[in-house]
There are 2 protein chains.
Amino acid sequence: MESHGKYISAIYRHMQVLIAAELAPYRIGSGQYIFLMAIASQGRTTQKELSEELLIDKTTTAKAIAKLEAEGYVRREPDPEDNRYQLLQLTEAGYKVVPDVQAALNRVKRKAAKGISDEEYELLLGLLKKVLRNVSE
Amino acid sequence: MESHGKYISAIYRHMQVLIAAELAPYRIGSGQYIFLMAIASQGRTTQKELSEELLIDKTTTAKAIAKLEAEGYVRREPDPEDNRYQLLQLTEAGYKVVPDVQAALNRVKRKAAKGISDEEYELLLGLLKKVLRNVSE
DNA sequence: CGATATAGGATGCCATTGCAACTAATATTC
DNA sequence: GAATATTAGTTGCAATGGCATCCTATATCG
C-alpha cells in the first residue's frame, strides 16, 4: 500500500540540499530563502504574518529572520503603533540579491520538473495544495 | 511563478508532526518509522541497502537504526561472511509493533488524501515519483 | 604477498525545525 | 483603573538529517 509520504520526504530532503548548494554563495540557507522571497513579494510585513502565510512555526520564523538580518538582507524595526510587532523589510542588499535567488530557485524547479508538462505540473500543484490543506487543519 | 517547493516543504513538516504524535506511544520517532517498515517488508537487510532504497544518507540511517535497536525493535549482528556488514532484522517486539505503526500511518494517509479520488492519488504518486527521480540524480 | 584502494559503518559537527516556557506589550474584564 | 488574558516575539531544548572525517574489513593491483 504505497503512500505519498515517502516521496514527499525524499523530495523535500533532496530539494533542501540542492537549494542550499545554490544559495551558499549568498550565505542564505535552505531555511531562509522562503522568508526572503515572501518579504520581497509582499513588502513590509511581520513575523506573525509570515508564519501564518508559510505555515511555519513562529519560532522557526524568528530564527530565520534573525539570520537574514545578521547577513544584512532584512531590516527590523518596532512598529510605532504596537511595540509588540517588528516591521520587516528588505535592505538594499536584500533587494539586490532577490533576482539571483529567484534564478537559483528557477534552476532547481526546472531540474525537478523535467519531463513534466505544464498541465501535469498544474495538476500536481493543485493536488499538493489539497494535501497541504488536509494535513494542516 | 508558483512552485511545488513551498507545498512539498509544508506538507513534509506537517506530516512529520502528525506522524510523531501518532507514534509517540511506541517511542518511535518520525525519523525511524520508515526504517522499521522497510525492514519489516524486506526482511533481513543492511544499512547500506536501506540507505540506497530510501534515498537517505548512510549516517542518518545509522542513527535511526541505533535508536530502533535501543528501543528493542531491531536486532543487529555482523555478517559472518563480511564483517563490514551488519545484518538487520526485526525483533519479536519489532514484528509485534508493525501493524500498529501501519495503522497509524494509514490514519495519517487518509487524513492527507481526504477529498482526493483514487485516480487523482495515483496520478499524484506518479508525478511525485518523477520529481523525485529528477531531484535525486 | 604487500601496498593501496574501496566499502560499510560510526562519530562529531552544524543547519533546520517544532514545542514548552518565557518576556514584554496591548486588550479585555471586572 | 487594576487584574487578568491575549498576543508578538525570544530562548532553550530536543529530534531529524546531511557532510566531513575516521575506523575497520575486504578488494585490487603492483
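Throughout, protein chains are lettered first and strands after them, A, B, ... in sequence-line order, and every chain is numbered starting at 1.
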5′-ward residue of the pair Q32(A)/Q86(B) relative to DNA chain C | Q86(B)
T46(A) near the nucleic acid: base, sugar-phosphate alone, or nothing, with a heavy-atom cut-off under 4.0 Å?
-> sugar-phosphate
Could you state the atom-to-atom distance from NZ of K48(A) to P of dT26(C) in whole Å?
-> 16 Å
Verify the neighbour count for atom NZ of K96(A): are there more than 12 heavy atoms of other residues, nucleotides or ligands below 6.0 Å?
-> no
How many Å lie between CE on M15(B) and P on dT17(C), as a whole number?
-> 17 Å
With respect to the phosphate group of dT17(C), does any side-chain polar atom (N or O) of Q16(B) fall under 4.0 Å of OP1 or OP2?
-> no
Count the heavy atoms of every other residue, nucleotide or ligand shown that sit under 6.0 Å from CZ of R27(B), and state whether that count exceeds 12.
-> no
Counting only heavy atoms not in E137(A), do more than 12 sit closer than 6.0 Å to its CD atom?
-> yes
Checking all strands, does S30(B) fall into the base, sugar-phosphate, or nothing category for heavy-atom contacts under 4.0 angstrom?
-> sugar-phosphate
Does Q47(A) make a side-chain N or O approach to OP1 or OP2 of dT10(D) shorter than 4.0 Å?
-> yes
Taking atom C1' of dG9(D) as reference, at what distance in whole Å does atom CD of E77(A) sit?
-> 16 Å
Take E49(A) and H14(A), find for each the nucleotide of DNA chain D with the closest heavy atom, and name the residue whose nucleotide sits nearer the 5' end.
-> E49(A)
Think Y12(A) has a side-chain N or O under 4.0 angstrom from the OP1 or OP2 of dT17(C)?
-> yes
Nucleotides 21-27 of chain D: protein proximity per nucleotide (B base, S sugar-phosphate only, - neither; heavy atom, under 4.0 Å) | ----BS-
Rounded distance in Å - OH (Y85(B)) to C1' (dG9(C)) | 11 Å
Side-chain donor/acceptor contact of K63(A) with base of dG12(D) under 3.5 Å = yes
Test E69(A) against R75(A) for salt bridge (Lys or Arg N to Asp or Glu O under 4.0 Å), laying out the working first.
-> CA-CA 6 Å; E69(A) 191 183 23; R75(A) 187 173 23 239; over 6 Å; no
Could you give the CG-to-P distance, from L54(B) to dT16(D), as a whole number of Å?
-> 15 Å
Rounded distance [0.5 Å steps], CD in Q47(A) versus OG1 in T59(A) = 10.5 Å
Do any side-chain nitrogens or oxygens of R13(A) fall under 4.0 Å of OP1 or OP2 in dT16(D)?
-> no
How long is the line joining CG of D57(B) and C1' of dA10(C), in whole Å?
-> 12 Å
How far does NZ of K6(A) sit from CD1 of I56(B), to the nearest 0.5 angstrom?
-> 10.0 Å
Side-chain heavy atoms of V135(B) within contact of V17(A), under 4.5 Å = no
